[in-house]
Amino acid sequence: MQISDEKLWGLCLIGDKEAFREIYCRFYSLLYNYGSKLVSDKDLVKDCIQDIFIKLIQNYQSLSATPNVKGYLIKALRNKLYDTLEKEKATDDISLYEEVFVTDELMPLLSFEDSDADNRAKHLMQVFSQLSPHQQEIIYLYYVNELKHDEIAEIMGINYQSSKNLLFRSLTRLRTLYLKKIDYIQKK
């Protein structure tokens with residue numbers, strides 16, 4: 001029987017290194033995939049994940065209980081990536097790192113048996129790439145990571161209602177772009 005994330009986190013609060021190892025193993029791929037969508041530098045993502053866990057282990061006494069370990073770690077990674085990029089901003093423009101929110105995980109969710117539906121899914125992915133990074137991120141967090149609005153709000157540093165509004169606006173924009181694309185294709 002697998003121990004729950006919350007119980008593991010409780011063990012981390014008392015400095016249990018095995019619990020930290022287990023949390024790391026459980027969430028590494030999720031964190032790596034998420035971080036890779038925010039920035040294109042894969043090594044930076046790996047370094048930030050390592051830094052987060054080193055800091056957690058070193059400062060376990062100052063950690064507090066959380067009912068949502070996944071959300072806590074995603075937010076920590078997001079903040080760490082943006083803090084690191086902000087420090088590098090003196091030499092680089094942070095917008096260079098926000099060029100694309102890659103969405104490999106969405107395509108399998110949209111794949112279908114018949115080729116017509118598969119073509120529609122491909123068109124949807126093409127217009128998805130036209131959304132802003134924040135719009136892509138909220139759709140990714142909500143539909144791929146299956147997070148709730150309160151969790152997304154915390155991760156993105158916005159309030160609950162803003163999370164709902166951003167998702168609604170993102171889906172509306174996605175729908176508009178998709179319908180324009182389909183209309184354009186049909187007129188060809």
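Atom set for the values below is all heavy atoms of this structure, side chains included, hydrogens, waters and symmetry mates excluded.
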Give a yes or no on whether the backbone of [Y] and the side-chain of [X] come within a donor-acceptor separation of less than 3.5 Å.
X: N33; Y: S29; answer: yes
X: D16; Y: A19; answer: yes
X: N145; Y: L147; answer: no

On a heavy-atom basis, which atom in [X] and which in [Y] lie closest, and how many Å separate them?
X: I23; Y: C12; value: CG1-SG, 4.0 Å
X: C48; Y: T84; value: SG-OG1, 3.7 Å
X: E22; Y: Q2; value: OE2-NE2, 4.4 Å
X: V127; Y: L177; value: CG1-O, 3.6 Å
X: P67; Y: E6; value: O-OE2, 2.8 Å
X: A153; Y: Y160; value: CB-N, 3.8 Å

As an exercise, state the distance from [atom1] of [X] to [atom2] of [Y], rounded to the nearest 0.5 Å.
X: L30; Y: K70; atom1: CG; atom2: NZ; answer: 6.0 Å
X: T176; Y: L171; atom1: OG1; atom2: CG; answer: 10.5 Å
X: I139; Y: L131; atom1: CD1; atom2: CG; answer: 5.0 Å
X: W9; Y: T66; atom1: CH2; atom2: OG1; answer: 7.5 Å
X: L141; Y: K37; atom1: CG; atom2: NZ; answer: 11.0 Å

Next item on the list: Report the relative orientation of the aromatic rings in Y24 and Y28; use parallel for angles under 30°, tilted for 30 to 60°, perpendicular for over 60°.
Entry: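 Rings of Y24 and Y28: tilted, 30 to 60°.
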
Next item on the list: Please name all residues satisfying ring-ring contact (aromatic ring centres under 6.0 Å, His included) with Y142, sequence neighbours left out, ordered by chain then number.
Entry: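 So Y142 forms a ring-ring contact (aromatic ring centres under 6.0 Å, His included) with H149.
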
Checklist line | Donor-acceptor side-chain pairing of Y72 and E154 below 3.5 angstrom | finding: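 Checked: Y72/E154 side chains show no N/O donor-acceptor pair below 3.5 Å.
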
